Amino acid sequence: MELLKIYKNLYNYFGPQGWWPLVAFRAEPSAPRGKPFFNCDHQFEICVGAILTQNTAWKNVEKAIANLVKANLLTPGALLRCGTKKLQTCLYPAGYFRQKTKKLKIFSKFLLENYNGDLRKFFNSQVSIVRCQLLELWGIGPETADSMILYAGGKPTFVIDAYTRQLCECFGLRFKTYDEYKKFFVHQLPRRAKLYNQYHALIIAWGKLYSKDKKAALKILLL
DNA sequence: TACCAGGTCCTCG
DNA sequence: CGAGGACATGGT
């Protein structure tokens with residue numbers, strides 16, 4: 001299973017994937033040197049999206065984020081101050097709305113208390129520390145933490161999700177833990193955020209196809 | 001009508 | 001540890 005070759009096959013088929021699908025703020029089209037440009041607001045939206053999309057279709061997450069925007073709640077301070085009932089109503093379409101309300105509150109509180117709500121400051125800390133801090137928070141597991149670090153922080157951390165495991169499974173590969181999957185990928189790929197970002201996004205595109213048309217999806221891998 | 005979607009936490013053996 | 005269940009809505 002040659003990961004770079006698979007990457008190329010996926011890239012050739014699906015083409016370059018967009019940056020994290022922002023709802024409230026569009027990413028700047030004229031980013032310098034192809035680097036994604038985002039500010040604190042983008043970063044926070046990405047983190048919120050990462051939590052809301054846990055085991056949930058992105059379509060439903062979009063509705064919830066749109067509600068947050070309309071209610072002017074897309075900052076750590078506003079989320080923390082917002083009443084639980086009101087926040088639950090906003091998050092309702094994303095499912096697990098009681099749990100997710102709690103998760104967003106806890107995450108916002110953490111950011112405010114430790115980084116004054118400044119996402120840039122947070123992600124500029126050492127990656128291993130950022131990851132540990134995220135994992136200590138209730139409601140944030142390894143995938144959500146890595147998504148935040150990669151997509152909001154722009155740091156090279158490979159994200160493993162259900163589709164990634166599914167792809168490995170196609171090659172008869174199965175590991176026990178999240179970290180074992182991660183090692184398998186990072187040991188074989190150049191350590192670059194851009195690559196990790198595209199690769200993960202491509203795997204998602206592939207996974208969605210796979211769920212509809214296994215044959216077509218398998219064919220792409222084996223080109 | 002069931003089953004699943006870019007997981008995580010809790011409980012029980 | 002590891003399996004099994006709970007959490008919840010919306011699309012197919």
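Just so it is clear, the structure is predicted and the values come from calculations on it, not from any experiment.
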Exercise. Provide, to the nearest angstrom, the distance between the NZ atom belonging to A/Lys100 and the C1' atom belonging to C/dA6.
Key: 14 Å
Quiz item: Using the P atom in both, what is the distance from B/dT1 to C/dA8, to the nearest Å?
Solution: 23 Å
Self-check item: For A/Tyr92, side-chain contact (heavy atoms from CB on, under 4.5 Å) partners two or more places apart
Solution: A/Phe97
Practice problem: Please state the C1' separation for the pair B/dA5 and C/dC7 - nearest whole angstrom. | Solution: 14 Å
Quiz item: Using the P atom in both, what is the distance from C/dA6 to B/dG6, to the nearest Å?
Solution: 23 Å
Quiz item: Heavy atoms, side chains only, cut-off 4.5 Å: are A/Glu143 and A/Val159 in contact?
Solution: yes
Exercise. Could you grab the distance from atom CD of A/Gln188 to atom CZ of A/Phe158, nearest 0.5 Å is fine?
Key: 10.5 Å
Quiz item: Any side-chain heavy atom of A/Arg174 within less than 4.5 Å of one from A/Tyr181?
Solution: yes
Quiz prompt | Sugar-phosphate or base contact per nucleotide [nucleotides 2-13 of chain B; S, B, -; heavy atom under 4.0 Å] | solution = ---BBBSSS---
Quiz item: Under 3.5 Å, is there a donor-acceptor pair between the side chain of A/Lys100 and the main chain of A/Ala94?
Solution: yes
Quiz item: OP1, OP2 of C/dA8 versus side-chain N and O of A/Arg98: anything below 4.0 Å?
Solution: yes
Self-check item: C/dG2 OP1/OP2 closer than 4.0 Å to side-chain N/O of A/Lys176
Solution: yes
Exercise. Compare all side-chain heavy atoms of A/Gln166 with those of A/Ser211 and state whether any distance is below 4.5 angstrom.
Key: no
Quiz prompt | Whole angstrom value for the distance that separates P of C/dC7 from CZ of A/Phe97 | solution = 11 Å
Practice problem: Considering only atom P, compute the distance from B/dT8 to C/dG10 and round it to an integer number of Å. | Solution: 22 Å
Quiz item: If you measure from the C1' atom in B/dC10 to the same atom in C/dT9, how many Å do you get, rounded?
Solution: 22 Å
